[in-house]
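Some notes on the structure that comes next.
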Amino acid sequence: MSNTGFELFTDRNVVAMRVNGELNDLAATVSESDTVEPVTIDSADGLSILRHSAAHVTAQAVQSINPEAKLGIGPPITDGFYYDFDVAEPFTPDDLKAIEKAMDRIIRQGQRFQRRVVTEAEARAEFADEPYKLELIGLKGSASDGQDGESVEVGGAELTVYDNVDGKTGEIFWKDLCRGPHLPNTRMIGNGWKLQRNAAAYWRGSEKNKQLQRIYGTAWATKDELRAYLERQEEAAKRDHRKLGNELDLFSFPEEIGSGLAVFHPRGGIIRSEIENYMRQQLLKNGYELVNTPHITKGHLFEISQHLQWYKEGMFPAMHLDEERDAAGNVTRQGQDYYLKPMNCPMHNLIFRARGRSYRELPLRLAEFGTVYRYEKSGTLAGLTRVRGMTQDDAHIYVTAEQVKSEVASQLEFVLETLRGYGLNDFYLELSTKDPEKYVGDDDVWDEATETLRQVAAESGLELVSDPGGAAFYGPKISVQARDAIGRTWQLSTVQLDFNQPELFELEYTASDGTRQRPVMIHRALLGSIERFFAILLEHYAGAFPVWLAPVQVVGIPVAEAHEQYLGDIIGQLKKAGVRAELDASSERMQKKIRNAAKDKVPFQLIAGEEDMTNGSVSFRYRDGTQENGISVAVAIERIREAIDTKIQV
RNA sequence: GCCGCCCUAGCUCAGUCGGUAGAGCAUCUCACUCGUAAUGAGAAGGUCAAGAGUUCGAUUCUCUUGGGCGGCUCCA
């Protein structure tokens, strides 16, 4: 006896089913021996199916408007879907509107998604006009990298086509090569969807290939969820560090200086230096030594480190200096190429080998706020999160092989403790392992090191995600991912082993038995770059920094001019106590001053008028608009100092 | 780097179907002296991103360059 999913599940929220673990359409038949589980539309699988079905509808709509459009792929993604098309002209916003309209019609029509197994020859005949589909059919059976969404088309055990048919007449409107499964019916896409934008994307993700036009959309089980999603997007846009940086006068990117090169204004500068001060204090407490190295170097250093061999495109081009020529143009004096440094490690290696090193000195931890310059492609730059000039809180730790594990473990602990100080406390770890195509060193060494990192990660008790093939060529790495206030994750700290540079730089220490040994090198960036970390904190706090980071910690607002001197004196005392306090002595009314301070997201407003003057007190107004009147000056100062010292958010 | 879109006052934005521009906020001046999110009046502020082309005339159309945004690729 066998049944279809429709017979098994009458709940309208069930859109597909798992049969023996495999996702299937509800139209599929199952036998009694099968294990069958329902997939509801609001589950992760259900949403993927919904989104993938919406992608099909997008494609049908596009081809109904422009039959010449050739189909690429159309997989579900986080929060939505996309579909790629080869079209003569890129889509315009008006095109998207027209496509949405056509989609709406298709959805209302209630077309059924009907699965059909085909042979390769049949598929080739049916999709003779779809060159990209033909390519995918050719891919079938070859290396099944599910990477760029191909697997949603041809990733199944057999080749299948999904026909979109009229629910009553069975007339076929459209079809697509697809693994499935799909919703039973387009009507189930409902009205929780929206096309969002179009952009170009390389066919199958390679910049050697042609660029197709991609349409992005989002789709949700209900209209309310769509609305909630759009609100989240809006919230994220409000926190955009580029917008806040401008509004709060923190930093800018003057066109005269160049792309990806930021200047920090006074208010951004003070936040930046607070970040650095705290960092420095943590470093010194944890056995680091602070070093300092120049921004430029002769090219030879990067020949030793092999950066000029591997990463030259990522470096600013050479400054060719000191060359001399005679009248005939012959070189009479050989010049030198100088480069801006793209990383600090080679220079730290030179500090390590500046003199003989003993095992007694290890672990040797060299830390620096090292400013580096990288020639990132223009299209990849984004605010402070991707720049061409940045300061890394960089450290290189030289250890014996036996010390690797304990050092990585203590680094991890140190990293988490420090990040918590900045108000981040939701973390998980990612372990990046060897890229079989691109690595140096022995497999044994890699395996052992990777295992060590895995153990340390496991012992931390944090969630661990693996990132196969994500390591740099010189060693595996563990990274700390942090979730911010609105749930986005950022890769922050990295702890990375390096088997390569100690070799290249012939680093050695004298072991207890008098032999010369090669140290293991650990690269450790805690904040990544100060710029990027700054951006993350700015977005995390939406500009309302905790008191210790706030550029202006206290604004004094006199009720009228007559109270300026009284309040000015209190502000003066705060300044003496090391608080960033300002008196607003402008000619505005106090209401306006309150508004201004609120817009600047100042944590404490101190207000004083007649009443306070007579009582020797002051009134607090907090960021949330609440207030507390009649606080004695001494208590007020103490309270503010404490809020700063304990790094609390207010 | 690639595809598309964008660049008007310090900021946010109007506007010009080709006849060289306007608001609000910010700034400055004056008046108001005020107890919890915008007091009023006035002034000043622009080579309409830069350069070239088409045109009697370009901020507007075309091209180039710079900068930005959304993606793709990249992210040592």
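Per chain, numbering begins at 1; letters A, B, ... match sequence-line order.
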For A:Tyr229, ring-ring contact (aromatic ring centres under 6.0 Å, His included) partners two or more places apart: A:Trp220
Rounded interatomic separation in angstrom, taking CE from A:Met613 and P from B:U33: 17 Å
Other residues, nucleotides, ligands: >12 heavy atoms within 6.0 Å of A:Tyr375 OH: no
pair A:Arg623-A:Gln649: side-chain heavy atoms closer than 4.5 Å: yes
Base B:G35 paired with A:Asp612 side chain (donor-acceptor, <3.5 Å): yes
Rounded distance (Å) that lies between atom C1' of B:G1 and atom OH of A:Tyr375: 9 Å
Under 3.5 Å donor-acceptor pair, A:Ser259 side-chain atoms to B:G68 base atoms: no
Enclosure of A:Gln309 CD (heavy-atom neighbours >12, cutoff 6.0 Å): yes
Side chain of A:Ala560 (C-beta onward), nearest among B:A76, B:C34, B:A37: B:C34
Interatomic distance at C1', B:G66 relative to B:C75, whole Å: 24 Å
Protein-nucleotide distance (A:Phe253, atom CZ; B:G66, atom P), rounded to Å: 18 Å
Nucleotide nearest A:Val559 (side chain, heavy atoms from C-beta), chosen from B:C3, B:C74, B:C34: B:C34
Student check: side-chain heavy atoms of A:Leu301 and A:Met347 closer than 4.5 Å: yes
No-H, no-angle donor-acceptor pair, A:Gln211 side chain to B:C2 base, under 3.5 Å: yes
Nucleotide nearest A:Ser619 (side chain, heavy atoms from C-beta), chosen from B:A76, B:G71, B:U36: B:U36
Nearest-Å distance once atom C1' is located in both B:A44 and B:G57: 30 Å
Donor-acceptor pair present, A:Gln591 side chain and B:U36 base, under 3.5 Å: no
Length of the line joining A:Glu610:CD and B:U33:P, which is rounded to integer Å: 15 Å
For atom NZ of A:Lys593 and atom C1' of B:U33, their distance in whole Å: 10 Å
Enclosure of A:Lys70 NZ (heavy-atom neighbours >12, cutoff 6.0 Å): yes
Sole residue of A:Asp393, A:Asp498, A:Asp394 in salt bridge (Lys or Arg N to Asp or Glu O under 4.0 Å) with A:Arg524: A:Asp393
Pair of N/O donor and acceptor under 3.5 Å linking B:C74 base with A:Arg386 side chain: yes
Phosphate OP1/OP2 of B:G71 contacted by A:Arg197 side-chain N/O (<4.0 Å): yes
base_contact_polar (B:G1 base, A:Tyr202 side chain, donor-acceptor, <3.5 Å): yes
Closest listed nucleotide, where the reference is the side chain of A:Asn246 and the choices are B:U36, B:U12, B:G4: B:U12
Value in whole Å for how far the C1' atom of B:G68 lies from CG of A:Leu384: 14 Å
Stem regions touching RNA chain B, defined by at least 3 consecutive Watson-Crick or wobble G-U pairs below 3.5 angstrom: B:1-7 with B:66-72, B:10-13 with B:22-25, B:27-31 with B:39-43, B:49-53 with B:61-65
Nucleotide nearest A:Ile594 when distance is taken to its side chain, options B:G4, B:C74, B:A37: B:A37
Minimum-distance nucleotide (side-chain atoms of A:Glu611 versus B:G35, B:C74, B:U36): B:G35
Trace of the ring pair (Phe, Tyr, Trp, His ring centres under 6.0 Å) decision for A:Tyr339 with A:His307: CA-CA 11 Å; A:Tyr339 288 88; A:His307 284 107; over 10 Å; no
Closest to side chain of A:Asn629, choosing from B:U12, B:A76, B:G35: B:G35
Stepwise ring pair (Phe, Tyr, Trp, His ring centres under 6.0 Å) test for A:Phe85 and A:Phe91: CA-CA 10 Å; A:Phe85 304 93; A:Phe91 298 108; 5.8 Å; yes
Nearest to side-chain heavy atoms of A:Ser587, which nucleotide of B:A76, B:G1, B:C32: B:C32
Integer angstrom distance from the C1' of B:C56 to that of B:G18: 12 Å
Out of B:G70, B:C11, B:G1, whichever nucleotide has its closest atom nearest the side chain of A:Arg242: B:G70
B:C32 base / A:Arg589 side chain donor-acceptor hit below 3.5 Å: yes
